[in-house]
**Student:** 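Before anything else, here's the structure in question.
Atoms considered below: every heavy atom in the structure, side chains included; atoms not considered: hydrogens, waters and symmetry mates. Remember, predicted model here, so these are calculated numbers, not experimental data. For this chain, numbers begin at 1 and follow the sequence in order.
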Amino acid sequence: MAANKKLLVLPGDGIGPEVMRETRRVIEWMDRRRMVSFDISEDLVGGAALEAHGTPITDATMQAAKDADAILFGSVGGPQWDKLGFDLRPEIAILRLRKELDLFANLRPAIVLDPLVDASTLKPEVVRGLDLMIVRESTGGVYFGTPRGIETLADGSKRGFDTESYTTAEIERVARVGFELARKRGNRVTSVEKANVMQSGLFWRQTVTALAAREYPDVAVAHMYADNCAMQLVRNPRQFDVIVTSNIFGDLLSDLASMLTGSLGMLPSATLGAVQPSGKRHALYEPIHGSAPDIAGKGIANPLAQMLSFAMLLRTSFDMEEDATLIETAVTRVLASGLRTGDIAAPGTTPVGTEAMGAALLAELDRMAA
Ligand code: IPM
Ligand code: MG
């Protein structure tokens with residue numbers, strides 16, 4: 001019998017624990033109904049870990065993350081921790097996980113589900129059927145580059161600085177993830193940088209161009225400046241299939257792309273490491289929405305992005321395509337039935353809370369499995 005799959009659950013702060021609670025019910029459902037067994041451990045992360053242990057993520061939690069087959073992450077951060085020193089901020093937890101597990105490829109889909117086409121602030125005819133994937137580099141660039149700091153100059157004034165830098169290997173490995181994904185989708189990659197003003201951007205473009213010619217002659221590749229990409233995403237988002245870009249541009253463009261779909265509350269993401277010789281691949285799955293402190297504790301957050309992150313986990317880390325599709329189909333059906341949390345509710349309709357949405361999803365799973 002195959003060993004149980006080791007799952008580390010890190011709910012974090014804000015709405016994280018609320019949406020994770022509903023997702024745990026989906027995981028338990030899978031355990032019961034689909035004959036898969038997970039060894040689940042849950043731990044504190046972000047502000048919650050800071051309060052309990054004085055650090056946004058303990059070394060023990062880091063070790064558990066390294067041992068896990070997959071990590072299901074909620075969200076971290078909140079205004080009560082905004083004034084802390086740089087190394088104590090809750091966000092350090094996710095940055096440390098990405099860096100120390102070498103999770104270099106952050107996959108951020110932006111998909112418009114048909115029942116939600118009216119939730120977008122863009123016209124339905126612009127976003128209907130949208131299905132694009134942003135592959136964001138997530139262990140390099142200005143997020144981690146050195147030198148960085150705030151220094152005092154000779155005249156007593158100060159200077160803050162960071163470093164954007166990318167090596168051939170860093171660019172190639174994330175670009176390969178994008179090209180491989182494109183082959184299974186629309187076979188088109190748009191590589192995004194600022195080759196017009198940044199040396200690292202020019203190098204990015206040269207490197208992707210050479211890689212494409214050498215290893216992916218069958219994939220259509222285009223190059224675009226990041227500012228133009230932002231504009232094109234709003235003007236005509238369906239022109240894109242896979243976008244491959246740096247850490248900082250990916251951060252910005254994925255927030256933009258997610259809002260094309262109408263709700264941050266609907267989008268999952270995956271952050272993947274390299275496949276190791278043992279076949280194991282570190283992987284972390286999280287909703288895009290963050291901790292949403294403004295609605296935390298009210299029981300109104302949308303749990304679907306967290307659940308869809310779990311579906312992505314099943315598909316990507318455990319090859320459980322059928323089970324992943326089951327969850328995704330249940331989500332679409334629940335939405336098609338008209339049920340909405342506040343973030344995706346049409347004006348004048350009555351939204352349901354987190355728990356009711358979770359219960360509806362479970363009921364739909366029951367119906368589908370019957
Ligand atoms: C994201 C977030 C993080 C980032 C923060 C929380 C450090 O904005 O995952 O996009 O900037 O990468
Ligand atoms: Mg971000």
**Student:** Looking at every non-hydrogen atom in both residues, tell me the closest pair between Met62 and Ile57 and how far apart they are.
**Tutor:** SD-CD1, 3.7 Å
**Student:** Backbone N or O of Gly299 within a donor-acceptor pair of the Thr354 side chain at under 3.5 Å?
**Tutor:** yes
**Student:** Which residue pairs satisfy the salt bridge (charged side-chain N to carboxylate O under 4.0 Å, His left out) criterion with at least one member in residues 155-167, sequence neighbours excluded?
**Tutor:** Glu151-Arg159
**Student:** If you look only at distance, which donor and acceptor atoms sit under 3.5 Å apart when one is on a side chain in residues 103-112 and the other is two or more places apart or in another chain?
**Tutor:**
residue, atom, partner, partner atom, Å
Asn106, OD1, Arg108, NE, 2.8
Asn106, OD1, Arg108, NH2, 3.3
Asn106, ND2, Ala270, O, 3.2
Asn106, ND2, Thr271, OG1, 3.2
Arg108, NH1, Ser254, OG, 2.9

**Student:** Go through the structure and list residues passing side chain to side chain donor-acceptor pair (under 3.5 Å) with Thr58, not counting sequence neighbours.
**Tutor:** Thr61
**Student:** Kindly state each residue pair satisfying side-chain hydrogen bond (donor to acceptor under 3.5 Å, both in side chains) with at least one member in residues 289-307, sequence neighbours excluded.
**Tutor:** Asn302-Thr341, Asn302-Asp343
**Student:** Output, in order, the C-alpha distance, side-chain angles, deciding distance and verdict of salt bridge (charged side-chain N to carboxylate O under 4.0 Å, His left out) for Asp366 and Arg33.
**Tutor:** CA-CA 9 Å; Asp366 276 339; Arg33 300 298 301 268; 3.3 Å; yes
**Student:** Within the structure provided, determine whether Tyr285 and Leu272 are in side-chain contact (heavy-atom separation under 4.5 Å).
**Tutor:** yes
**Student:** How would you list all residue pairs meeting salt bridge (charged side-chain N to carboxylate O under 4.0 Å, His left out) that involve residues 321-334, not counting sequence neighbours?
**Tutor:** Arg34-Glu322, Arg34-Asp323, Arg315-Glu321, Arg315-Glu328, Arg333-Glu364
**Student:** Between the main-chain N or O of Lys5 and the side-chain N or O of Asp69, is there a donor-acceptor pair closer than 3.5 Å?
**Tutor:** no
**Student:** Between the side chain of Arg128 and the main-chain N/O of Leu113, is any donor-acceptor distance below 3.5 Å?
**Tutor:** no
**Student:** Using modelled atom types only, decide if a donor and an acceptor are shared between the side chain of Arg340 and the backbone of Leu335 within a distance under 3.5 Å.
**Tutor:** yes
**Student:** Give every residue pair that meets the side-chain hydrogen bond (donor to acceptor under 3.5 Å, both in side chains) criterion with at least one member in residues 84-93, sequence neighbours excluded.
**Tutor:** none
**Student:** Sort and list the pairs that fulfil salt bridge (charged side-chain N to carboxylate O under 4.0 Å, His left out) and have at least one residue in residues 248-261, not counting sequence neighbours.
**Tutor:** Arg136-Asp251
**Student:** Mind checking who shares a hydrophobic cluster with Leu88, ILVMFWY linked at side-chain heavy-atom distances under 4.5 Å?
**Tutor:** Leu50, Trp81, Leu84
**Student:** Can you tell me which residue pairs pass the salt bridge (charged side-chain N to carboxylate O under 4.0 Å, His left out) test with a partner in residues 190-201, sequence neighbours excluded?
**Tutor:** Glu193-Arg205, Lys194-Asp227
**Student:** List the steps, then state whether salt bridge (charged side-chain N to carboxylate O under 4.0 Å, His left out) holds for Arg185 with Asp241.
**Tutor:** CA-CA 7 Å; Arg185 301 170 40 102; Asp241 179 25; 3.0 Å; yes
**Student:** Might you work through the side-chain hydrogen bond (donor to acceptor under 3.5 Å, both in side chains) test for Trp204 and Ser246, ending with a clear yes or no?
**Tutor:** CA-CA 9 Å; Trp204 181 287; Ser246 65; over 6 Å; no
**Student:** Considering only distance and modelled atom types, tabulate donor-acceptor pairs under 3.5 Å from the side chains of residues 211-222, sequence neighbours left out.
**Tutor:**
residue, atom, partner, partner atom, Å
Arg214, NH2, Glu172, OE2, 3.1
Glu215, OE1, Arg176, NE, 2.8
Glu215, OE2, Arg176, NH2, 2.9
Tyr216, OH, Glu180, OE2, 2.7
Asp218, OD1, Arg183, NH2, 2.8
Asp218, OD2, Arg183, NE, 2.8

**Student:** With ILVMFWY side chains joined below 4.5 Å, transitively, what does Phe161's cluster contain besides itself?
**Tutor:** none
**Student:** For the residue pair Gln232 and Asn236, confirm or rule out a side-chain donor-acceptor distance under 3.5 Å.
**Tutor:** no
**Student:** Would you please name every residue forming a side chain to side chain donor-acceptor pair (under 3.5 Å) with Glu100, sequence neighbours left out?
**Tutor:** Arg96
**Student:** Any idea which heavy atoms bring Leu339 and Ala360 closest together, and the distance?
**Tutor:** CD2-CB, 3.2 Å
**Student:** I want to check something: taking the side chain as every heavy atom from C-beta on, are Leu202 and Gln206 in contact at a cut-off of under 4.5 Å?
**Tutor:** yes
